[in-house]
Q: 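Please see the structure below; I have some questions.
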2 protein chains.
Amino acid sequence: MARPRTALLSRDIIGRAAIELVESGHELQLVPLAKRLGVSVSSLYHHVDGRDGVIHAMREVLVVEYVTPVPAADGWEDAIRREVELMWRMYADHPRVLQLMLTVVIDEPGALRFYSTLTDALDRAGLPDDEILSTIEVIDAFSFGAALDALSPDTILQSERTSGKLASLLPRRATGAVRNREVFDRGLDLIIAGISARVREARDGPKSPSRDPGRQGGLRG
Amino acid sequence: MARPRTALLSRDIIGRAAIELVESGHELQLVPLAKRLGVSVSSLYHHVDGRDGVIHAMREVLVVEYVTPVPAADGWEDAIRREVELMWRMYADHPRVLQLMLTVVIDEPGALRFYSTLTDALDRAGLPDDEILSTIEVIDAFSFGAALDALSPDTILQSERTSGKLASLLPRRATGAVRNREVFDRGLDLIIAGISARVREARDGPKSPSRDPGRQGGLRG
DNA sequence: ACCTGAACACCGTTCAAGT
DNA sequence: ACCTGAACACCGTTCAAGT
């Protein structure tokens with residue numbers, strides 16, 4: 001067979017098969033990928049630019065699937081929660097794909113909407129202009145890190161080697177997807193609460209700092 | 001030469017050379033690593049269990065270097081800041097190494113102290129027991145994500161394609177290491193402020209929730 | 001115990017050849 | 001335009017041989 005009248009492959013088909021392959025615990029390798037598609041390895045190169053091209057195709061599939069229109073929210077908090085929830089689901093459902101994307105520069109589509117929605121929400125919340133972008137990046141970095149947390153084993157610490165308060169807490173800890181979701185929810189709650197506090201602080205004027213002025217105010221790294 | 005009277009290699013030597021190799025922008029490959037060490041590839045296997053073993057050796061080097069004793073802090077906030085700063089420096093100084101560690105299960109030494117220090121600090125702060133571990137994981141996930149942020153290119157968005165508030169903010173944004181440090185500082189400030197708010201909320205009793213009770217309280221994922 | 005060189009299976013990529 | 005099989009350079013790993 002050469003040049004079938006209806007194409008066997010496409011970026012989309014390759015991307016989906018690659019996601020399946022990786023998410024089922026295998027390495028991203030072209031040989032197993034081609035076998036899974038019933039095709040020879042060199043055929044892939046007609047649709048995709050090598051292994052990195054496959055990674056891009058994987059991302060395109062996920063973006064189409066996850067970056068859907070989101071209903072407008074009433075408050076800034078909800079706007080943030082809805083937008084981040086979407087990004088989070090994409091990350092958390094496919095942590096192994098996420099890991100691969102680290103190795104390739106991504107020309108991020110979808111990031112545009114993420115950034116502008118969050119910009120408007122934080123602006124509406126009353127956050128000072130010069131803190132908006134870094135705050136968005138905090139949210140993004142956290143979602144990212146929390147999703148990758150899903151790849152780490154459940155028991156980083158064996159409770160035998162611990163003592164004190166920590167030892168008493170470890171046995172009660174959730175595991176797997178439940179723990180992972182807990183971490184995400186907790187983090188988003190904390191960050192949003194932190195933003196609220198920061199907004200209040202900025203509104204009440206910089207002349208009444210709530211903390212020791214030598215310590216607070218960040219960004220003098 | 002075979003069996004020299006003073007060993008040419010050791011886990012430490014291999015780990016350090018591998019960190020240099022990776023941090024200078026190369027892939028982690030045994031052939032270049034061996035060449036850099038003036039040794040044949042198969043020699044590495046006498047000290048380290050293959051490529052994954054090299055990654056473990058890299059981590060051991062970093063832990064020895066970064067996980068140093070930390071002076072006791074007065075307040076819980078400072079305790080957290082000092083401990084996290086250490087972990088962060090290790091991550092942020094070696095993002096490429098960090099990325100490699102994702103692919104290998106790490107039997108985390110050093111994590112023990114990190115967890116117990118933060119446990120005690122959060123306990124001292126007055127955070128409810130059942131929120132302590134997930135809060136620690138939030139801090140860890142964030143540090144992790146913020147460090148990996150250093151690997152992403154400076155301009156995810158070209159300012160030509162944006163509009164509105166976002167477009168006006170983009171040109172003023174810091175880049176590179178400065179931006180990266182900003183994100184870390186901002187995030188830690190927000191999370192600590194969030195913890196403070198949560199502690200206050202828990203102290204004042206669950207009967208006076210500060211937010212819409214249908215929305216707050218997280219963790220019903 | 002520690003280093004070497006050769007051998008092995010496997011990988012990603014290229015390319016001329018087929019329709 | 002799309003698929004194939006062969007060829008190529010390279011990778012990680014193993015192992016018998018040397019001291």
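Just so it is clear, the values below take in all heavy atoms, side chains as well, and ignore hydrogens, waters and symmetry mates. By convention in this document, chain letters (A, B, ...) are assigned in the order of the sequence lines, proteins followed by strands, and residues within each chain are numbered from 1. The structure presented is a predicted model; accordingly, all values stated were derived computationally and were not measured.
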Q: Kindly say if S43(B) contacts the phosphate of dT4(C), meaning a side-chain N or O under 4.0 Å from OP1 or OP2.
A: yes
Q: Would you call R181(B) and E85(B) a salt bridge, taking side-chain N to carboxylate O under 4.0 Å as the test?
A: yes
Q: If you assign each of L28(A) and S40(B) to its closest nucleotide in DNA chain C, which residue comes earlier from the 5' end?
A: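 With L28(A) and S40(B) compared, the 5'-side residue is S40(B).
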Q: From the options dC3(C), dT14(D), dC3(D), select the nucleotide whose nearest atom is closest to the side chain of S42(B).
A: dT14(D)
Q: Give one of base, sugar-phosphate or nothing for V41(A), where a contact means two heavy atoms less than 4.0 Å apart.
A: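 Touches a base.
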Q: From dT4(D), dT14(D), dT4(C), pick the nucleotide closest to the side chain of Y45(B)?
A: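 The closest nucleotide is dT14(D).
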Q: Categorize L37(A) for me: base, sugar-phosphate, or nothing, with a 4.0 angstrom heavy-atom threshold over every strand shown.
A: nothing
Q: Could you please name the option among dT4(C), dT13(C), dT13(D) that lies closest to any side-chain atom of H46(B)?
A: dT4(C)
Q: Inspect the surroundings of CD in E27(B) and state if more than 12 heavy atoms from other residues, nucleotides or ligands are less than 6.0 Å away.
A: no
Q: Please determine, for dG12(D), whether a Watson-Crick or G-U wobble partner exists with both distances under 3.5 Å, and give it or none.
A: dC8(C)
Q: Please answer whether the main-chain N or O of P71(A) pairs with a side-chain N or O of R82(A) as donor and acceptor at a distance below 3.5 Å.
A: yes
Q: Is it true that a side-chain atom of S43(B) and a backbone atom of V39(B) form a donor plus acceptor pair closer than 3.5 Å?
A: no
Q: Is dC3(C) paired to anything, Watson-Crick or G-U wobble with both distances less than 3.5 Å, and if yes, which nucleotide?
A: none
Q: Quick check on dC3(C): is either OP1 or OP2 less than 4.0 Å from any side-chain nitrogen or oxygen of H47(B)?
A: yes
